[in-house]
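Here the structure is a predicted model, which means the values were calculated and not measured.
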Amino acid sequence: MGTYQRGIFWFFFLSLFLGVMLSPEKGMCATPNAQGNSLLWKVSGKGIKTSYLYGTFHLVPKDQFVLPNKVKQKMIKSETVVFEVDLDSPKLTRLISKSMRMSQPLESLMTVQEYSLLTSFVKDTLERSMQQFRYIKPGFLGQLLLYPKLLGYSPESYDLALLDLAKKWHKNVYVLETPEEQVALFDQSTLEDQTSQLLNNVKQFDKQRKLMKNMLSLYQQEDLNGLYNLITSQEDAAKSNDMLLDERNHKWLAPMVDMMQKSPSFVAVGAAHLAGEEGLIQLLRAQGYKVEPVLD
């Protein structure tokens, strides 16, 4: 299975916790500066076998993909590698394929003028025909049509690269969510909300391109606070942040700690899950564990 096919559903999460409506940013609230500029964190203390927490960016342009040596070195030393979900799961692929389809045509969710705007954008900017996409949910359609234009048609995935290395190095691989739990997140957004987001993507495509560029720049700088603040500063993003970040962080904490106590573990999850008051770094520290940045 190709990288883009294996990783396409990451875009749906990205669009949700960005709000994708790309509305004006609220004032950014500072998160604790103790985060430091690192995507890789060492976790120890209270019975934990020294483990590592790494923040990924699910899909990036091919020419911007760099997996630091420090990440490979710490992963080699680990016995267990933990991911959000099994990206190679045939069941996940089947569930997503089923979930992305709807019984009503896309034009029934918008006005004639809006559908005309979307059709023209797809034809003129993306050089595609809308006919083959009429029964795909708007949330998925945005990812299928818009993100290849933003990231290129052969993007790289940190999660998939790490999964391939884990298998190559014969590591024990565990996941924090089942395919059913992942797909259930897709249905949290109504068709009406997805349609609104898709139309805003089309109307503000240049702004979205700039936003993606800023996100990638912050990630390359290993600026967790900056990336988290950019994501959470979007208007009306609070509900999505609670569902996609905070609630999942709290849910993951216990099984993650359990695995770290059983064997040296390397946990790779989206970078936005690490920062913030409800991020994994702070949640681990609140339970008394030592969490420190790995700088080299």
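Annotation: salt bridge (Lys or Arg N to Asp or Glu O under 4.0 Å) contacts of Arg94 (sequence neighbours excluded): none.
Checked by atom type and distance alone, the side chain of Glu114 pairs as donor or acceptor with a backbone atom of Thr111 at under 3.5 Å. The backbone N or O of Leu39 lies less than 3.5 Å from a partner atom in the side chain of Glu222, making a donor-acceptor pair. Side chain of Gln182 to main chain of Glu177: no donor-acceptor pair is present (N/O by atom type, distance under 3.5 Å, no hydrogens or angles). Ser51 places a side-chain N or O within 3.5 Å of a backbone atom of Ser265 that can act as its donor or acceptor partner. For Thr119 (side chain) and Tyr115 (main-chain N/O), a donor-acceptor pair under 3.5 Å exists by modelled atom type. Looking only at distances, a side-chain donor or acceptor of Ser38 sits under 3.5 Å from a matching main-chain atom of Val294. Without hydrogens or angle criteria, Ser157 side chain to Leu59 main chain gives no donor-acceptor distance under 3.5 Å. The main-chain N or O of Lys74 is found under 3.5 Å from a side-chain atom of Ser78 such that the two form a donor-acceptor pair. Gln64 contributes no side-chain N or O that, together with a main-chain N or O of Pro61, makes up a donor-acceptor pair within less than 3.5 Å. Judged by distance alone, with hydrogens and angles left aside, the side-chain atoms of Ser116 form no donor-acceptor pair with the main-chain N or O of Val112 at under 3.5 Å.
The two residues Leu244 and His273 come nearest to each other via the heavy atoms O-CE1, 3.0 Å. Taking every heavy atom of both residues into account, Ala271 and Tyr219 meet most closely at CB-CE1, 4.0 Å. Nearest heavy atom pair, residue Tyr228 against residue Ala272, reads CD1-O, 3.7 Å.
Heavy atoms from other residues, nucleotides or ligands lying under 6.0 Å from CD of Gln132 number more than 12. Crowding of Tyr174 atom OH: a count of heavy atoms from other residues, nucleotides or ligands under 6.0 Å not exceeding 12.
Contact annotation: the side chain of Lys77 never approaches that of Thr50 to less than 4.5 Å [non-hydrogen atoms, C-beta and beyond]. Contact annotation: the side chain of Leu274 approaches that of Val269 to within less than 4.5 Å [non-hydrogen atoms, C-beta and beyond]. Side-chain contact between Glu181 and Val85: absent, with no pair of heavy atoms (C-beta onward) separated by less than 4.5 Å. The closest side-chain heavy-atom distance from Val60 to Gln220 is not below 4.5 Å. The shortest side-chain heavy-atom distance between Arg209 and Lys213 does not fall under the 4.5 Å cut-off. Using a 4.5 Å heavy-atom cutoff, the side chains of Leu40 and Tyr52 are in contact. Within the 4.5 Å cutoff, the side chain of Leu284 has heavy atoms near those of the Met256 side chain.
Of the listed residues (Asn201, Thr195, Val202), just one forms a side-chain contact (heavy atoms from CB on, under 4.5 Å) with Leu199, and that residue is Thr195. Each of Asp223, Asn225, Leu211 was compared with Leu230 under the side-chain contact (heavy atoms from CB on, under 4.5 Å) criterion, and only Leu211 meets it. For the side-chain contact (heavy atoms from CB on, under 4.5 Å) with Leu106, the qualifying choice from Ile136, Leu118, Leu191 is Leu118, the only one to do so.
If you chain together hydrophobic residues whose side chains sit under 4.5 Å apart, Leu67 and Leu53 fall into the same group. Under a hydrophobic clustering in which Ile, Leu, Val, Met, Phe, Trp and Tyr are joined whenever their side-chain heavy atoms come within less than 4.5 Å, directly or via other members, Val81 and Trp169 fall into the same cluster. A continuous path of hydrophobic side-chain contacts links Ile76 to Met259 [ILVMFWY only; heavy atoms under 4.5 Å].
Residues Lys49 and Glu79 are not paired through a salt bridge, judged by the lack of any N-O separation under 4.0 Å between the basic side chain and the carboxylate. Between Lys262 and Asp258 there is a salt bridge, since at least one side-chain N of the basic residue sits less than 4.0 Å from a carboxylate O of the acidic one.
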Walk me through it: do Glu84 and Trp252 pass the test side chain to side chain donor-acceptor pair (under 3.5 Å)? CA-CA 9 Å; Glu84 293 182 33; Trp252 293 347; over 6 Å; no

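In this structure, CG in Leu218 is found 10.0 Å from CG in Leu224, a value given to the nearest 0.5 Å. Here the CD-CG distance, from Glu277 to Leu283, works out to 9.5 Å after rounding to the nearest 0.5 Å. Separating the CD atom in Gln197 from the CD atom in Glu192 is a distance of 11.5 Å, to the nearest 0.5 Å.
Side-chain polar atoms of Ser217 and Gln221 form a donor-acceptor pair below 3.5 angstrom.
Residue pairs meeting the ring pair (Phe, Tyr, Trp, His ring centres under 6.0 Å) criterion with at least one member in residues 64-83, sequence neighbours excluded: Phe65-Tyr158.
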